[in-house]
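The first residue of the sequence shown is numbered 1, and numbering continues consecutively from there.
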Amino acid sequence: MAALFLGLLAAVLFISAVTGRDSAANPAGPLPESGPPLQAGALPYDFTLMDVDGNAVRLSDFREQPVMINFWATWCAPCRIEMPAMQAVYEAHRDDSLVILAINQGETAAQARQFFTELGLSYSLLLDPENAVLQRYGIGSFLPSSLFIAPSGEITAIHRGPLSQKQLLQYVEQILPG
């Protein structure tokens, strides 16, 4: 009986290692091909996107941390307006492990990097060249849009449209630990 148990345990650990999935430790699931848009109270779909330096970044890498996901584009005037407020909030709460993932929609790394440099932004810049994450998350084409994820993995809020610094702080305070 002990040999059967050890065999099953080994198989589970092997599958978890091969797939990179541990459902207890990683509540986010892979991007579905279809399904309902995400809502507050749901668990976010996991995704892997490249940053502007060509490094793969996975949402699940930030489990147990407060995360803000912001969908934006360089041509989006409201995005340009809200991003300095995001930078200020990021700097104020970086020591609280706040993660901001700014997901650029359909533009090149050079375009996105130039925009970030021009505005002096230092949080994580990811590329979604096919708008796959935007579509799977149910955002459509409404930019900017932001999701706030608590360390528990639950989406606490989804905001479509530009955020004022006051609104941003209110959402972020809801996901900060303590």
Would you kindly say whether Gln111 and Asn104 are connected by a side-chain donor-acceptor distance under 3.5 Å?
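Judged by distance alone, the side chains do not pair up.
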
Under the side chain to side chain donor-acceptor pair (under 3.5 Å) test, which residues partner [X], sequence neighbours left out?
{"X": "Asp96", "result": "His93"}
{"X": "Thr74", "result": "Glu107"}
{"X": "Gln174", "result": "none"}
{"X": "Ser145", "result": "none"}

Find the distance between [atom1] ([X]) and [atom2] ([Y]) and round it off to the nearest 0.5 Å.
{"X": "Asn131", "Y": "Ser141", "atom1": "CG", "atom2": "OG", "result": "9.5 Å"}
{"X": "Gln105", "Y": "Leu126", "atom1": "CD", "atom2": "CG", "result": "10.5 Å"}
{"X": "Leu101", "Y": "Ser146", "atom1": "CG", "atom2": "OG", "result": "11.0 Å"}
{"X": "Asn55", "Y": "Leu49", "atom1": "CG", "atom2": "CG", "result": "12.5 Å"}

Determine which pairs satisfy salt bridge (Lys or Arg N to Asp or Glu O under 4.0 Å) with at least one residue from residues 154-178, sequence neighbours left out, and list them in order.
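Pairs touching residues 154-178 that pass the test: none.
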
Just do the side-chain contact (heavy atoms from CB on, under 4.5 Å) check on Leu147 and Ile139 with the steps written out, would you?
CA-CA 10 Å; Leu147 286 88; Ile139 302 301; 4.1 Å; yes

Least distance between heavy atoms, [X] atom then [Y] atom:
{"X": "Thr48", "Y": "Arg58", "value": "OG1-CG, 2.7 Å"}
{"X": "Glu82", "Y": "Pro144", "value": "OE2-CB, 3.0 Å"}
{"X": "Met50", "Y": "Ala56", "value": "SD-CA, 3.7 Å"}

Residues two or more places apart in sequence or in another chain: which of them pass side-chain contact (heavy atoms from CB on, under 4.5 Å) with [X]?
{"X": "Gln65", "result": "Phe62, Ser97, Val99"}
{"X": "Ala110", "result": "Thr108"}
{"X": "Pro84", "result": "none"}

From CA spacing to verdict: side-chain contact (heavy atoms from CB on, under 4.5 Å), Phe47, Asp128
CA-CA 10 Å; Phe47 59 80; Asp128 187 8; over 6 Å; no

For residues Ile149 and Thr156, determine if any side-chain heavy atom of one lies less than 4.5 Å from a side-chain heavy atom of the other.
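No; the side chains remain at least 4.5 Å from each other.
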
Does the side chain of Phe142 come within less than 4.5 Å of Phe71's, by heavy atoms?
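Phe71 vs Phe142: side chains apart.
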
Can you hop from Leu134 to Trp75 via hydrophobic side chains spaced under 4.5 Å?
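Leu134 clusters together with Trp75.
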
Taking Gln135 for the side chain and Ala132 for the main chain, is one N or O donor matched with an acceptor at less than 3.5 Å?
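Looks like no, no N/O pair under 3.5 Å.
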
Answer yes or no: are there more than 12 heavy-atom neighbours, outside Glu91 itself, under 6.0 Å from its atom CD?
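Count over threshold, so yes.
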
Given Ile69 and Ile103, is the side-chain contact (heavy atoms from CB on, under 4.5 Å) satisfied, shown in steps?
CA-CA 7 Å; Ile69 299 174; Ile103 303 178; 3.5 Å; yes

For Tyr171, which fellow cluster members are found when Ile, Leu, Val, Met, Phe, Trp and Tyr are connected by side-chain heavy-atom distances below 4.5 angstrom, either directly or through intermediates?
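Tyr171 clusters with Val52, Met68, Trp72, Met83, Met86, Val89, Tyr90, Leu98, Ile100, Phe115, Phe116, Leu119, Leu121, Tyr123, Leu125, Leu127, Phe148, Leu163, Leu168, Leu169, Val172, Ile175, Leu176.
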
Kindly write out the residues that satisfy salt bridge (charged side-chain N to carboxylate O under 4.0 Å, His left out) with Glu118, not counting sequence neighbours, or none if the list is empty.
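Expected list: Arg80.
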
For Asp95, what residues pass the salt bridge (charged side-chain N to carboxylate O under 4.0 Å, His left out) criterion, not counting sequence neighbours?
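If we apply the salt bridge (charged side-chain N to carboxylate O under 4.0 Å, His left out) test to Asp95, skipping adjacent residues, there are no hits.
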
Under the disulfide bond (SG atoms under 2.5 Å apart) rule, what pairs show up with a residue in residues 63-101, not counting sequence neighbours?
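Residue pairs passing disulfide bond (SG atoms under 2.5 Å apart), neighbours aside: Cys76-Cys79.
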
